[in-house]
K.L.:
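I'd like to ask some things about the structure below.
Lettering follows sequence order; numbering is per chain, from 1.
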Number of protein chains: 2
Amino acid sequence: MNRTWNQYVVKQENKTLVLSTIINETPISRAHVAQITGLNKGTVSSLVSELIDEELVEESGPGESSGGRRPVMLLFNGKAGYSVAVDLGVDYLLGVITDLTGQIVYEEKLQLPDPNFEVVFPLLTKLIQQLIDRAPKSRYGVIGIGVGVPAVVSHDGEILLAPNLNWKKIQLKQQLEQVFDLPVYIENEANAGAYGEMRYGFDSMTKHMVYVSISIGIGVGMILDGKLYTGLSGFAGEVGHMTIVKNGRPCRCGNLGCWERYASEQALIDEAVTRQILNQQQPDPFKHLIELAAKGNQEAITLFEEIGTYIGIGLTNCINIFNPEQVIIGNQFIDAKQWIYPAIKAYVDHHTIGFHQLDLKIDFARLGVYSTASGMAAFTVENFLLSQKT
Amino acid sequence: MNRTWNQYVVKQENKTLVLSTIINETPISRAHVAQITGLNKGTVSSLVSELIDEELVEESGPGESSGGRRPVMLLFNGKAGYSVAVDLGVDYLLGVITDLTGQIVYEEKLQLPDPNFEVVFPLLTKLIQQLIDRAPKSRYGVIGIGVGVPAVVSHDGEILLAPNLNWKKIQLKQQLEQVFDLPVYIENEANAGAYGEMRYGFDSMTKHMVYVSISIGIGVGMILDGKLYTGLSGFAGEVGHMTIVKNGRPCRCGNLGCWERYASEQALIDEAVTRQILNQQQPDPFKHLIELAAKGNQEAITLFEEIGTYIGIGLTNCINIFNPEQVIIGNQFIDAKQWIYPAIKAYVDHHTIGFHQLDLKIDFARLGVYSTASGMAAFTVENFLLSQKT
DNA sequence: CAACTTTGTTTATTATATAGACAAAGTTTT
DNA sequence: AAAACTTTGTCTATATAATAAACAAAGTTG
């Protein structure tokens, strides 16, 4: 069925436009909203009064006069509701409560003893219940639950495959919705991270961005034309399995020479063991390598630089394909920034087609370990605000 | 400035919806349009009567009754205007006139003696003028000019770089608009091909498609969410310069191991010379190799199969990245279909992540040598129809 | 203090979609 | 063949929401 346009749709679209203008420019006056959106002053007034009734917008005191009557400043009421978001990692759960502006108001982290789903699911529901219980009282209460997972996720919230958790075909969204009577959103961890960094990480909204999440493996989230791109079935972005070396190292996906066999945490550790920088039994080997490099261990630094170059190879491919405005590197590897960044930058500068470099920025995730959780909160909040219109 | 929604916008959107429904479902009755679009019968009637006034829609005779009054069938009037589109190749110009349905009504092809812009531009303008002169008389006449070029093209129609033509920084759109007082559209050849194949090549509109144009080099056009993706500056899709072999063959882009050094016409010919299947002076070497393979020359066939495998490597990367519904291989290499397809298919089947294969189709361009020209016609026509609303 | 500015509300007007009545032209049932 | 039903397409009354313009409120400037 096609979408038809009538006066109701017009009103909803304009109301969304007014609300998002207030969110982005808060504090702002009605007159200024009208100027920015191009809507008539009267239209803005009436829409704002509805938003105030819904407690999504508040009036704060008068603002500065610019030579006439002083404006009444409008604020987005981020405390009208709260979201619960969880970053489900390979060996941890990071749960947060955020308000409607994405601000984290409470967090809780725990280690997973075992990646087995039968073990993880009860811990996950317990964590979510604790977060729901702790959420401040508000008009709309907890407006939804978001969970980011290191997995291939279909559009309807089914986990098709999570290689590092050893999960397959799990109806996570459905199962959580049965337990909690709330909207549940499931997304791939890199997609969530990309969205989080776009919404909350950087000031100006980037329309074309590639977010590369590097930890055990490599995942990529793509923001194209300001929207998350998830492909036909929801699992675009398996860039970690891009071939960068023909007949190269075997990968667990069955292919040879995949990017993540050269540029991930796993690749780093394997190579460190081969070169006897680490021994096989070292607990928390990634952290140990970071410490070695920080102490000036030249072998460790060289290894990071080499991995950086491999990251650069895959990034160059992504840049040539997408012509993005910004590339963001996130997850574990942000801790290795000082050693890998020069190598990445050098490779990309020398190997992308010249034009791409003009407007290209390479950054590291600003939200740090919260990229994924924040992104899930953003999904949850945005779906709530869009569904909110009467 | 944001877009605001008022009654004018509503009407335009609905009118576009009605028109595109008629275009896609022609012939169709008013009642059926109302049913498909969800619009009120009265609304459809009034919009259709405007479209009839504008000669974009015609009434044909009565249709079959389904148990009541016989419907009046509506037809899209493809003859209300004509577009002129040119496929500017490395050594040829292919110009076509199409009606508003994309049907080619006249074509003209000529060889380029020299790729130099000073030589090509007069030939191009002469060709376009001839096509304009030959276009049938109609209500709207020639509604625009589209030119597809093997080049990196910016959003404002500037050719930034055309390596195989040796052009740089040419304001092609601007120059043509000065000569002809008509809207001019310039696009990369692969982007145009992708669009042409989506609009006119296949029956069902694919929402996520990757079109790979393989001739001297490799270009890729991407249809994501039903729209052409061109990236921040308009030059996404330089996938030919994706690294598939670390420290591989040097490429003219300055990088090593680029896909097009292994999977293009140039790669094919270079390798054929190295293996002494061809000698260096062979005129039209690609055609010669096709003939050899057709005669059963095993060396030539093996070479095609090897190139097919390399094509498969790059395609696998694209599939893993985009999760498309369809991959289309176009340009010169469609002639080698019978030898390369099995190799491509085998590689892709064995090396893409399992989920992608479920709904994936690999096809060859249906429009053959007209993909690019048809795509440019589609751009031109669609911009005309969108600009047409009063 | 008068004149001007800016903000925000109110009112009359306008454009458009919708529901439903209705006419036209067919098919099906009796 | 007549009556009853169906489907198509137009027309009219109504509702909704955006807009322009008037206006009131509350400031600044000279």
Side-chain angles (χ1 to χ4, degrees), chain A residues 1-19 21-22 25 27-53 57-75 389-390, chain B residues 1-19 21-22 25 27-53 57-75 389-390:
Chain A
M1 172 70 92
N2 280 290
R3 179 159 189 202
T4 63
W5 299 90
N6 56 31
Q7 59 262 52
Y8 305 100
V9 178
V10 168
K11 184 173 174 183
Q12 291 196 5
E13 293 287 340
N14 284 337
K15 198 164 164 182
T16 303
L17 182 60
V18 167
L19 180 58
T21 305
I22 294 172
E25 310 283 328
I28 188 174
S29 67
R30 288 170 176 78
H32 195 189
V33 170
Q35 202 193 321
I36 289 177
T37 59
L39 290 167
N40 184 278
K41 287 190 296 174
T43 307
V44 171
S45 269
S46 101
L47 293 175
V48 164
S49 83
E50 286 184 27
L51 290 168
I52 288 175
D53 285 346
V57 167
E58 294 173 322
E59 290 186 333
S60 75
E64 287 295 293
S65 162
S66 59
R69 172 172 161 182
R70 294 169 67 184
V72 178
M73 300 315 270
L74 302 170
L75 301 176
K389 276 146 295 147
T390 352
Chain B
M1 173 70 90
N2 279 290
R3 179 160 188 202
T4 63
W5 299 91
N6 56 31
Q7 58 263 54
Y8 306 100
V9 178
V10 168
K11 184 174 175 185
Q12 290 196 5
E13 293 287 340
N14 284 337
K15 199 163 165 183
T16 302
L17 182 59
V18 168
L19 180 58
T21 305
I22 295 172
E25 311 282 330
I28 189 174
S29 67
R30 287 169 176 81
H32 196 188
V33 170
Q35 202 193 324
I36 289 177
T37 59
L39 290 167
N40 183 278
K41 287 190 295 174
T43 307
V44 171
S45 269
S46 102
L47 293 175
V48 164
S49 83
E50 287 185 27
L51 290 168
I52 289 175
D53 285 346
V57 168
E58 293 173 322
E59 290 187 333
S60 74
E64 286 295 291
S65 162
S66 61
R69 171 173 161 181
R70 294 167 69 185
V72 178
M73 301 314 270
L74 302 171
L75 301 176
K389 274 144 300 144
T390 349

K.L.:
Could you check whether A:Ser46 gets within reach of a base, just the sugar-phosphate, or nothing at all, counting any heavy atom under 4.0 Å?
P.N.:
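The answer is nothing, as A:Ser46 stays clear of every strand by at least 4.0 Å.
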K.L.:
Counting the atoms with a prime plus P, OP1 and OP2 as sugar-phosphate, which does B:Thr43 contact under 4.0 Å by heavy atoms, base, sugar-phosphate, or nothing?
P.N.:
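Answer is base: heavy atoms of B:Thr43 come under 4.0 Å of a base.
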K.L.:
Below 4.5 Å, heavy atoms only, C-beta onward: do B:His32 and B:Met73 meet side chain to side chain?
P.N.:
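Result no, sub-4.5 Å side-chain heavy-atom pair not found.
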K.L.:
If each of A:Ser65 and B:Gly42 is mapped to the nucleotide of DNA chain D with the nearest heavy atom, which maps nearer the 5' terminus, i.e. the 5' end?
P.N.:
B:Gly42
K.L.:
For B:Gln12 and C:dA17, what is the distance between atoms CD and P respectively, to the nearest whole Å?
P.N.:
11 Å
K.L.:
Rounded to whole Å, how long is the line connecting atom OH of A:Tyr8 with atom C1' of C:dT16?
P.N.:
12 Å
K.L.:
Please report the distance, rounded to the nearest Å, between CG in B:Leu17 and P in C:dT16.
P.N.:
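Nearest whole value for this atom pair: 16 Å.
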K.L.:
Please determine whether a side-chain nitrogen or oxygen atom of A:Arg30 lies at a distance below 4.0 Å from atom OP1 or OP2 of C:dT9.
P.N.:
yes
K.L.:
Starting at atom NZ of B:Lys15, determine the distance to atom P of C:dA17, rounded to an integer number of angstrom.
P.N.:
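From B:Lys15 NZ to C:dA17 P: 11 Å.
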K.L.:
With sequence neighbours left out, write down each residue that passes side-chain contact (heavy atoms from CB on, under 4.5 Å) with B:Glu25, or none if nothing qualifies.
P.N.:
B:Thr21, B:Ile28, B:Ile36
K.L.:
Under 4.0 Å between any heavy atoms, over every strand shown, what does A:Val72 touch: base, sugar-phosphate, or nothing? Just pick one.
P.N.:
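The answer is sugar-phosphate, as A:Val72 gets under 4.0 Å only of primed atoms, P, OP1 or OP2.
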K.L.:
I'd like to know if the side chain of B:Arg70 reaches the main chain of B:Glu64, judged simply by a donor and an acceptor atom lying under 3.5 Å from each other, with no hydrogens or angles considered.
P.N.:
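Such a contact is absent between B:Arg70 side chain and B:Glu64 backbone.
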K.L.:
What are the atom names and distances for every N/O pair under 3.5 Å that joins the protein to nucleotides 23-26 of chain D?
P.N.:
| unit_1 | atom_1 | unit_2 | atom_2 | d |
| --- | --- | --- | --- | --- |
| D:dA25 | N3 | A:Arg69 | NH1 | 3.3 |
| D:dA26 | N3 | A:Arg69 | N | 3.4 |

K.L.:
Compare the minimum distances between each of D:dT8, C:dT18, C:dT7 and the side chain of A:Ala31, then state the nucleotide with the smallest one.
P.N.:
C:dT7
K.L.:
With nearest nucleotide decided by heavy atoms, which residue, A:Leu47 or A:Gly67, maps closer to the 5′ end of DNA chain D?
P.N.:
A:Leu47
K.L.:
Could you report the tightest heavy-atom contact between A:Pro71 and A:Ser29, atom names first, then the distance?
P.N.:
CB-CB, 3.4 Å
K.L.:
Can you tell which of D:dT8, D:dA18, C:dA17 lies closest to the side chain of A:Val10?
P.N.:
D:dA18
K.L.:
Are the side chains of B:Asn14 and B:Leu47 in touch, meaning some heavy atoms are under 4.5 Å apart?
P.N.:
yes
K.L.:
List the atom of A:Ser46, the atom of A:Ser49, and the distance in Å for their closest heavy-atom pair.
P.N.:
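That would be O-OG, 3.1 Å.
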K.L.:
For A:Val57, check side-chain contact (heavy atoms from CB on, under 4.5 Å) against everything at least two apart and list the hits.
P.N.:
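Checked A:Val57 against side-chain contact (heavy atoms from CB on, under 4.5 Å); matches are A:Leu19, A:Ile22, A:Leu51, A:Ile52, A:Leu74.
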K.L.:
Go through C:dT27, C:dA17, C:dA15 for me and flag the one nearest to the B:Lys11 side chain.
P.N.:
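Closest nucleotide to the B:Lys11 side chain: C:dA17.
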K.L.:
Nearest whole angstrom, please: distance from the C1' of C:dG8 to the CG of A:Leu39.
P.N.:
15 Å
K.L.:
Given atom CD1 of A:Ile28 and atom P of C:dT7, what is their separation to the nearest angstrom?
P.N.:
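One finds 11 Å between P of C:dT7 and CD1 of A:Ile28, rounded.
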K.L.:
Given C:dT16, is OP1 or OP2 found less than 4.0 Å from the side-chain N or O atoms of B:Asn14?
P.N.:
no
K.L.:
What are the two closest non-hydrogen atoms of A:Ser60 and A:Val72, and how far apart are they?
P.N.:
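Here A:Ser60 and A:Val72 meet closest at O-CG1, 4.0 Å.
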K.L.:
Looking at the base of C:dA17, is there any donor atom on it, or on the side chain of B:Asn40, that sits under 3.5 Å from an acceptor on the other one?
P.N.:
no
K.L.:
OP1 or OP2 of C:dG8 versus the side-chain N and O atoms of A:Ser45: is any pair under 4.0 Å?
P.N.:
no
